Undergrad: 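Pasting a structure here, questions to come.
The shown structure was predicted, so the numbers you read here are calculated from the model rather than taken from an experiment. Quick note: residue numbers are just sequence positions, from 1.
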Amino acid sequence: MTPIVAVELVLAVTLALMVAFIVYVWLRRRWIAGGKPLLLCAISAGQHSRWRLGLARISGDRLDWFSVVGPSPRPAHSWVRHELDLGAPQRLGDAVPGLPPDAVSVTGRSSSHDWELAMSPAAYTAVRAWLESSPPGYNVNVA
């Protein structure tokens, strides 16, 4: 095998791997969405934890959070609506890469632990509206 053929082979394999990765990320995102709303947001698990960019999916009575390019098609975090409590939105002190400059952070509590989400103001409004709406399957009389 000549050096030029070896270089071409290495380049072809590298290109094929890059295309496969891009296709995988695209297919994973389509699988995660599943026809449900997706929101770009970041999560911080603790006071001094760094922000991790991801996708939040609102579906029925659950809020699921997925890492942007993680290998798993399963949510990294998942919260049930009736166990979820969101605080008031606050301006982010530091910019989170991938989020708009006017992004807000909100402290969340569930039965298991506390965490913080950062998202655009419009995404926060969508999550808040979903959280305050009637859960599916419940008959609520509105006067």
Undergrad: Take L63 and W130, measure what side chain to side chain contact (heavy atoms under 4.5 Å, CB included) needs, and give me the verdict at the end.
TA: CA-CA 9 Å; L63 176 65; W130 167 80; 3.8 Å; yes

Undergrad: Is the backbone of P71 close enough, under 3.5 Å, to the side chain of Y24 for a donor and an acceptor to pair up by distance?
TA: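 Here the side-chain-to-backbone pair exists.
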
Undergrad: P121 versus D102: any side-chain heavy-atom pair under 4.5 Å?
TA: yes

Undergrad: Side-chain contact, heavy-atom cut-off 4.5 Å: K36 with I58?
TA: no

Undergrad: Quick one: does R74's side chain get under 4.5 Å of F66's, heavy atoms only?
TA: no

Undergrad: Is the shortest distance from a Lys or Arg side-chain nitrogen in R109 or D114 to a carboxylate oxygen in the other one below 4.0 Å?
TA: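 A salt bridge is present here (some side-chain N lies under 4.0 Å from a carboxylate O).
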
Undergrad: Can T2 and V5 be said to form a side chain to side chain contact (heavy atoms under 4.5 Å, CB included), step by step?
TA: CA-CA 5 Å; T2 66; V5 172; 3.2 Å; yes

Undergrad: For R57, enumerate each residue passing the salt bridge (charged side-chain N to carboxylate O under 4.0 Å, His left out) test, keeping only those at least two apart in sequence or located in another chain.
TA: D64

Undergrad: Is the number of heavy atoms from other residues, nucleotides or ligands within 6.0 Å of CG (L11) greater than 12?
TA: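 Atom CG in L11 is packed in, count exceeds 12.
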
Undergrad: So which heavy atom on G87 is nearest to which on V106, and how close?
TA: O-CG2, 3.0 Å

Undergrad: With rounding to the nearest 0.5 Å, note down the distance linking OG1 in T107 to CH2 in W115.
TA: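 With rounding to 0.5 Å, OG1 (T107) is 9.0 Å from CH2 (W115).
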
Undergrad: Are L53 and L40 packed together at the side-chain level, in the sense that at least one heavy-atom pair is separated by less than 4.5 angstrom?
TA: yes

Undergrad: Is there a donor-acceptor contact under 3.5 Å linking the side chains of Q90 and S105?
TA: no

Undergrad: Locate the shortest heavy-atom distance separating M119 from V127; write the atom from each residue and the value.
TA: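 Closest pair (atom of M119, atom of V127, distance): SD-CG2, 4.2 Å.
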
Undergrad: Please give me the minimum heavy-atom distance between I32 and P73, naming the atom from each residue.
TA: CG1-O, 4.3 Å

Undergrad: Looking only at non-hydrogen atoms, find the nearest pair between L99 and C41 and report the distance.
TA: CD2-CA, 4.1 Å

Undergrad: State, with a plain yes or no, whether a side-chain heavy atom of V7 is found less than 4.5 Å away from one of V10.
TA: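 Sidechains of V10 and V7: no contact.
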
Undergrad: Report yes if the side chains of V68 and R52 come closer than 4.5 Å at any heavy-atom pair, otherwise no.
TA: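 Counting from C-beta outward, V68 and R52 never come under 4.5 Å.
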
Undergrad: With rounding to the nearest 0.5 angstrom, report the CG to CG distance, D61 to L131.
TA: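 Rounded to the nearest 0.5 Å, the CG-CG separation comes to 11.5 Å.
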
Undergrad: Would the distance check show the side chain of R81 and the main-chain N or O of G60 forming a donor-acceptor pair, the cut-off being under 3.5 Å?
TA: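 Side chain of R81 to backbone of G60: a pair is present.
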
Undergrad: Using side-chain heavy atoms (C-beta onward) and a distance below 4.5 Å, is W79 in contact with E83?
TA: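 Not in contact.
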
Undergrad: Do you know which two heavy atoms are closest between L38 and A33, and how far apart they sit?
TA: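 Smallest interatomic distance, heavy atoms only, reads CD1-CB, 3.6 Å.
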
Undergrad: Among residues at least two apart in sequence or on other chains, which ones pass ring pair (Phe, Tyr, Trp, His ring centres under 6.0 Å) with W51?
TA: none

Undergrad: Okay, side chain of W65, backbone of A42: is any donor-acceptor separation there less than 3.5 Å?
TA: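 Judged by distance alone, no pair lies under 3.5 Å.
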
Undergrad: Check for a donor-acceptor pair, side chain of S78 on one end and backbone N or O of P75 on the other, with a separation under 3.5 Å.
TA: no

Undergrad: Answer yes or no: is there a side-chain heavy-atom contact under 4.5 Å between L84 and V80?
TA: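 In short, these two side chains do not touch, never coming nearer than 4.5 Å.
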
Undergrad: Within this structure, what is the CZ-OG distance for the pair R128 and S133, rounded to the nearest 0.5 Å?
TA: 11.5 Å

